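Here is the structure we will look at.
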2 protein chains.
Amino acid sequence: MRPTARQVAELANVSVATVSYVLSGKDRPVAAETRQRVLDAARQLGYTPNQAARSLRKRRTQRVCLVLSSFGGVPTDARLATDLHEMADARGYSVVTLSVYDEARAQAAVEVLRGGIADGALIRLTGGHLEQGLLGGLADTGLPMVVMSNGSGLEGCDVVRTPEVEACAEAVEHLLTTGRRRVAFMGQRYEVYSDKPEGRLLGYLTALERNGGAERIITGGADDRVAAYQTATGLLSSPDRPDAIFAASDRAAISAIWAARDLGLSVPGDVAIVGVGNIDEGLISNPQLSTVGPLRHDYTDVVRLLFDRLQAEEPPPAREIVRSWTFVRRGSS
Amino acid sequence: MRPTARQVAELANVSVATVSYVLSGKDRPVAAETRQRVLDAARQLGYTPNQAARSLRKRRTQRVCLVLSSFGGVPTDARLATDLHEMADARGYSVVTLSVYDEARAQAAVEVLRGGIADGALIRLTGGHLEQGLLGGLADTGLPMVVMSNGSGLEGCDVVRTPEVEACAEAVEHLLTTGRRRVAFMGQRYEVYSDKPEGRLLGYLTALERNGGAERIITGGADDRVAAYQTATGLLSSPDRPDAIFAASDRAAISAIWAARDLGLSVPGDVAIVGVGNIDEGLISNPQLSTVGPLRHDYTDVVRLLFDRLQAEEPPPAREIVRSWTFVRRGSS
DNA sequence: CTGTTAGCGCGTTCAC
DNA sequence: GTGAACGCGCTAACAG
């Protein structure tokens, strides 16, 4: 059985109140000798306060929740997690992560968050319907949330946006204005099979539109590296193969470079390739990967949004941050 | 303010006990009409039971905790997470994840787990000292744990091991017996800078030993793709370059393939390359990657260990599973 | 079939 | 400086 404050108190010959005061580091004065007895007793018993009881009483968990789509490991998620952990540490919060990669997980996450697992949440999901499911289920809770998303209907929480559509359009326009005539889009499932184009696909379509409506070539396959390789191989083996591929992720774009090279095609000579995300790996591909995304992966501003809200006296009004995205032209285009 | 069971009770004109019985799905008989009133009231107020109060009272959280080193995204972690979530769902548990990528996070995880966030934990860390810190801090709690590790001192919890050393030795021996004379080892920081060789490094050393003590060439750089590329470039640019590289991860091995090709070296002609992990990406590299690891990524047996322990009447004795690893020779060696 | 009651472990008044 | 007593929101035992 886990030791309780009562047991510590008995062992130290004090009351539970004194144990609480000593261990929660309040400024209430406690005699040095008493304090030491309590500390010794706690150590001896291996006592750690029960967080459920503590949060029930204090009506705060001192925890924040990070909600991510997957452990598939986009570097953005990793950096975001690091920045969150760091600031949480500094402000005396713990971090727990919820992984939401499908509808069932979105429902589960709603339950857990409604159940009060944390005082606030930082949410970054890829896949519009997952986000809708989650935020819809949380709308009436007033839980402090920061959402990284370009979606709509995000009232009541802080929102962090990127100029994704415009930046992708710029990248595709670059391809078109440097002489590419058949630009293919390789997207993620949720984009390609959505009823209304958004995000990266919308950027692609916008660019085609602006440039006199070049042919639309739209495929999936950007969800993982193997699928991307296979998709790119298919595209590039066709007799009327594209002369450029705009991939919805850098990982997919790098797979496409491999596919092209394995088919004996030169990049960017025969086919130009551009990705999204600006991950470090793009610097070691051959040729180096052209991409669009943030220049620096620093999310302290995002994270600060959450903690400022948590620690404010008055709930601040919903804020919005727009991060900057840049087209980075390298060797692959 | 979040609605409480009391408010639901008042709205439905029943007692809080009835609310509890209706919503927690106990078999206590409740009149259909009463039940409906409670359900309506709960829905109307947007009531979700406070998990802190519930676990305090039930002395169970109905949660399990997944502890991982990072979101860097080894596919193994992703599959493990999927299998855990699935079985948790089926058995009525939630899953929260703790991310332990450094010493501070290990300490934080100890606090959180000691604080009682979950009824059990599934732990898979890379980095011996992190694991020691975590398990040491949890040793006296009796928390049900399943640990995926080849370390020692893991009494009291279920352990899942791999024949890592022997399998890696086999891979390196394969290189030596196919005529390679200078086999380099590219490892992760925690292996290379450890005082006592273990794991993949130990496998490498064992193979050298067995084959008459070929020269040891040991570098770091396997922690991320860019570092691996740079390290491999350095190794392979040297006048007495190795004619084989055994990398501690498939991702690093693939970076090494790129590095070799960018230097105009043929793989496996000039340099053979072997990785660890058997990730899918090895099938689309050129040449395909030789590797050592599990043939199937299925972790239901691991996950079952945890839930069986959680749901058993009597705590079962500590179990041990040894998963099989195989050397898979492909084109790169 | 339903209501009343007594804690779960802790933090916080209020007395002393 | 310290202890006793109350209640956070909920479930489980016991009455009725």
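Chain letters run A, B, ... following the sequence lines, proteins first and then strands; every chain starts at 1. The structure displayed is predicted, hence computed values, not measured ones.
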For [X] and [N], what is the distance between atoms [atom1] and [atom2] respectively, to the nearest whole Å?
| X | N | atom1 | atom2 | value |
| --- | --- | --- | --- | --- |
| A/Arg6 | D/dC6 | CZ | P | 15 Å |
| B/Lys58 | C/dA6 | NZ | C1' | 18 Å |
| A/Arg57 | D/dC10 | CZ | P | 16 Å |

Of the nucleotides [options], which one has an atom closest to the side chain of [X]?
| X | options | answer |
| --- | --- | --- |
| B/Thr18 | C/dT2, D/dG9, C/dT12 | C/dT2 |
| A/Asn50 | C/dC8, C/dG3, C/dC10 | C/dC10 |
| A/Leu56 | D/dG3, D/dG9, D/dT11 | D/dG9 |
| B/Val14 | C/dG9, C/dG11, C/dG3 | C/dG3 |

Next on the checklist: Using the rule given for side-chain hydrogen bond (donor to acceptor under 3.5 Å, both in side chains), can you reason through A/Gln36 versus A/Asp40, listing the C-alpha separation, both sets of side-chain angles and the distance that settles it, and then say yes or no?
Outcome noted: CA-CA 6 Å; A/Gln36 195 53 51; A/Asp40 289 345; 3.1 Å; yes

Would you indicate what [X] reaches in the nucleic acid, counting non-hydrogen atoms under 4.0 angstrom: base, sugar-phosphate, or nothing?
| X | value |
| --- | --- |
| B/Ala5 | sugar-phosphate |
| A/Val19 | nothing |
| A/Pro49 | sugar-phosphate |

Any salt bridge linking [X] with [Y]? Criterion: basic side-chain nitrogen under 4.0 Å from a carboxylate oxygen.
| X | Y | result |
| --- | --- | --- |
| A/Asp102 | A/Arg105 | yes |
| A/Asp223 | A/Arg189 | yes |
| A/Asp301 | A/Arg323 | yes |

Looking only at side-chain N and O atoms, does [X] come under 4.0 Å of OP1 or OP2 in [N]?
| X | N | value |
| --- | --- | --- |
| A/Arg60 | C/dG11 | no |
| B/Tyr47 | D/dC10 | yes |
| B/Ser55 | C/dC8 | no |
| A/Thr4 | C/dG9 | no |
| A/Arg54 | C/dG11 | yes |

Item to check | Base of D/dT2 paired with side chain of A/Arg28 (donor-acceptor, under 3.5 Å) | outcome: yes

Item to check | Modelled atom types, side-chain donor and acceptor of B/Asn150 and B/Thr162, under 3.5 Å | outcome: yes

